[in-house]
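Input: a single structure, listed below in structure tokens.
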Amino acid sequence: MDKVAAEGPVQVPSGGTACVTAEQVGAAAAGAVERSGPHAAWPIGGENLSYREIYGMFADALGVTPDFVPADTSAAHAAAEAQRRRLADAGIETGYDPLDVALWQEQDLFLDPGPAMTALGYPPDDIARAIRDTVDATRKHGGQGPASLTKPT
């Protein structure tokens with residue numbers, strides 16, 4: 001949210017990802033317990049969206065009209081490498097490689113939500129509404145919450 005609300009151009013990665021709401025995750029978890037056998041695994045999703053679409057939904061929820069520009073991939077890779085070094089120097093293991101994350105954001109990491117929706121019995125949902133709810137909750141809690149809007153001083 002901070003990135004979308006910031007002054008100046010907003011760099012947007014070229015890829016996209018499968019999006020799911022908290023309601024869908026809850027319904028899928030319940031469906032897995034009720035309908036699925038032991039050791040079954042389902043990739044769950046609701047809607048495949050580009051990062052441009054996701055950032056646009058946050059901008060709408062925030063009431064801002066940022067200037068979206070394509071992300072500078074070499075700068076993103078350099079920042080990821082710097083983060084990798086800072087984490088290593090601090091002895092912090094994150095479970096992910098920052099450069100992998102930067103590379104993933106340049107790809108369309110989509111999935112077909114249909115098979116999991118059918119098997120687990122969870123319905124489509126409104127991603128834009130979920131983002132609006134997240135923005136509202138974050139504002140209500142002084143910038144703290146599922147995302148940050150403004151850092152308290």
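For this chain, numbers begin at 1 and follow the sequence in order.
One finds the CE atom of M57 at 10.5 Å from the CZ atom of R52 (value rounded to the nearest 0.5 Å). A distance of 10.0 Å separates OG1 of T94 from CZ of R84, quoted to the nearest 0.5 Å. In this structure, OG1 in T21 is found 9.5 Å from CG in D133, a value given to the nearest 0.5 Å. The CD atom of Q24 lies 5.0 Å from the CG atom of D125; values are rounded to the nearest 0.5 Å. In this structure, T17 OG1 and E53 CD are separated by 12.0 Å, a value rounded to the nearest 0.5 Å. Note: M1 CE to Y55 OH = 13.0 Å, rounded to the nearest 0.5 Å.
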> Could you walk me through whether K140 and D136 pass the side chain to side chain contact (heavy atoms under 4.5 Å, CB included) check?
Replying inline: CA-CA 6 Å; K140 180 180 176 183; D136 290 346; over 6 Å; no
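Tracing side-chain contacts under 4.5 Å through hydrophobic residues (I, L, V, M, F, W, Y), one reaches F68 starting from I127; they form part of the same cluster. Cluster annotation: F110 is not connected to I54 through the hydrophobic network of ILVMFWY side chains, with a link wherever side-chain heavy atoms come within less than 4.5 Å. In terms of hydrophobic clustering, with Ile, Leu, Val, Met, Phe, Trp and Tyr side chains grouped at heavy-atom distances under 4.5 Å, I44 and V33 are assigned to different clusters. Transitive grouping of hydrophobic side chains (ILVMFWY, heavy atoms separated by less than 4.5 Å) keeps Y51 and L99 in distinct clusters. When the side chains of ILVMFWY residues are joined at heavy-atom separations under 4.5 Å, either directly or via intervening members, V135 and V10 end up in a single hydrophobic cluster.
Judged purely by atom type and a 3.5 angstrom limit, R35 uses its side chain to pair as donor or acceptor with the backbone of T118. In this structure, the side chain of K3 does not engage the main chain of V12 through any donor-acceptor pair within 3.5 Å.
In terms of heavy-atom proximity, A18 sits nearest to L111 at CB-CG, 3.9 Å. The heavy-atom pair separating Y122 from P113 by the smallest distance is OH-O, 4.0 Å. What you find for S14 and D108 is that their closest heavy atoms are O-OD1, 4.3 Å. Taking each heavy atom of P123 and A27 in turn, the nearest pair found is CD-CB, 4.5 Å. Nearest heavy atoms, L49 versus C19: CD1-SG, 3.8 Å. Residues L120 and S36 share a closest heavy-atom pair of CD2-CB, 4.3 Å.
With contacts defined as side-chain heavy-atom distances shorter than 4.5 Å, the pair W104/P13 does not qualify.
Listed by chain and residue number, H77 satisfy the side chain to side chain donor-acceptor pair (under 3.5 Å) test with E106 (two or more places apart in sequence, or in another chain).
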